[in-house]
Amino acid sequence: MPRKKLIKITEVKTFSNVFHYKDESVFEKIAGFFGHKKGFVLELGCGRGDYTLNLAQLHTRRHFIGVDRKPSRIYNGAKHANEMNIKNAGFLVGYAELLAEIFPESSVDEIWITFPDPYPRRSSMKRRLTHPRFLENYKKILKNGGAVNLKTDDEALYNYTLKVVDENGLKLIKETNDLYSNDKLSDEEKILTKYEVQHLAEGKKIKLVRFCF
Ligand SMILES: C[S@@+](CC[C@H](N)C(=O)[O-])C[C@H]1O[C@@H](n2cnc3c(N)ncnc32)[C@H](O)[C@@H]1O
């Protein structure tokens, strides 16, 4: 492993705003940090947490948690939050698969899934973050009416998610296959992630699907 990555993985463990799914009583630690046991907004597959940090700055009284399985990616967002003194954002090193084992029922207000790996092969379909096995977990931890937002550049993942929403009788709130052709975007929808910037530079269209249970 490159030395820089190793340093990040070691250092991120010392950050007060980073939690690890293997920590004992991890939810109690999260609740202690925020002073709250519910009302969280999660960004799944957050990478360096662009949504987490920008949403936290837009809504300073709400609580945001970026979740990613890779601590070296979380390092950048968590360091930035500390340097910018952003107190209402934290990060969880962990797997989206395990959310319902960490967060209590109805403790989450909203979920953002930002540019997840599309897993195009049929054999890896179960790893897509909008596969029904993930949705079951999201439903457990979301409050009644809490929305799931998917932002992606990937046409196949966008179509797959619309199909899952339809086949499972979920409530579609909004969908577009070209977000930026719409002139009435909310401040939340306009937040750009690292990957999104790259996709836009390549001329790709950004898609959004928002739904609830
Ligand atoms: C393509 S990157 C997008 C990063 C960031 N959201 C962005 O838009 O810049 C996808 C991220 O999802 C994370 N990821 C993939 N599967 C995951 C899972 N099951 N649980 C948690 N994180 C996951 C990866 O580690 C990676 O950082």
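Only this structure's heavy atoms are used, side chains among them; waters, hydrogens and symmetry mates stay out. Remember, it's 1-based here, ligands and their atoms both numbered in the order they're listed.
- Between F27 and F19, the distance from one ring center to the other does not fall under 6.0 angstrom.
- In this structure, K29 places its NZ atom where more than 12 heavy-atom neighbours from other residues, nucleotides or ligands lie under 6.0 Å away.
- For atom 1 (C) of ligand 1, the nearest non-hydrogen atom from the set F134, Y119, F115 comes from F115.
- Annotation for ligand 1: atoms under 4.0 Å from non-hydrogen atoms of A96 are 18 (C), 19 (N), 20 (N), 21 (C).
- Where the criterion is an N or O separation shorter than 3.5 Å, residue side chain and backbone included, D68 meets it with respect to ligand 1.
- For Q198, the CD atom counts as densely surrounded, since its 6.0 Å shell holds more than 12 non-hydrogen atoms of other residues, nucleotides or ligands.
- At least one heavy atom of G94 sits less than 4.0 Å from an atom of ligand 1.
- No heavy atom of E196 sits closer than 4.0 Å to any atom of ligand 1.
- Across the listed options S72, P116, G45, G45 owns the non-hydrogen atom lying nearest to atom 5 (C) of ligand 1.
- Counted within 6.0 Å of NZ on K37, heavy atoms from surrounding residues, nucleotides or ligands total 12 or fewer; the atom is thus considered open.
- Of the N or O atoms in K70, none lie within a sub-3.5 Å distance of an N or O in ligand 1.
- The cationic atom of R128 (NZ for Lys, CZ for Arg) lies less than 6.0 Å from the six-membered ring centre of Y160 and within 45° of the ring axis.
- Closest to atom 19 (N) of ligand 1 by heavy atom, among R69, E97, K151, is E97.
- Looking at heavy atoms from C-beta onward, V41 lies in side-chain contact with R62 at the 4.5 angstrom threshold.
- Every atom of ligand 1 is numbered from 1 in the order shown, and the set under 4.0 Å from a heavy atom of T114 is 3 (C), 5 (C), 6 (N), 8 (O).
- Atom 26 (C) of ligand 1 has R73 NH1, 2.9 Å as its closest protein atom, hydrogens excluded (heavy atom only).
- Contact annotation: the side chain of K171 never approaches that of F213 to less than 4.5 Å [non-hydrogen atoms, C-beta and beyond].
- Near T193, the atoms of ligand 1 lying under 4.0 angstrom from a non-hydrogen atom of the residue are 7 (C), 8 (O), 9 (O).
- The side-chain hydrogen bond (donor to acceptor under 3.5 Å, both in side chains) pairs that include a residue from residues 63-82 are K8-N76, N17-N82, K79-E83, where partners are two or more places apart or lie in different chains.
- Annotation: atom 15 (C) of ligand 1 to nearest protein heavy atom, D117 OD2, 3.3 Å.
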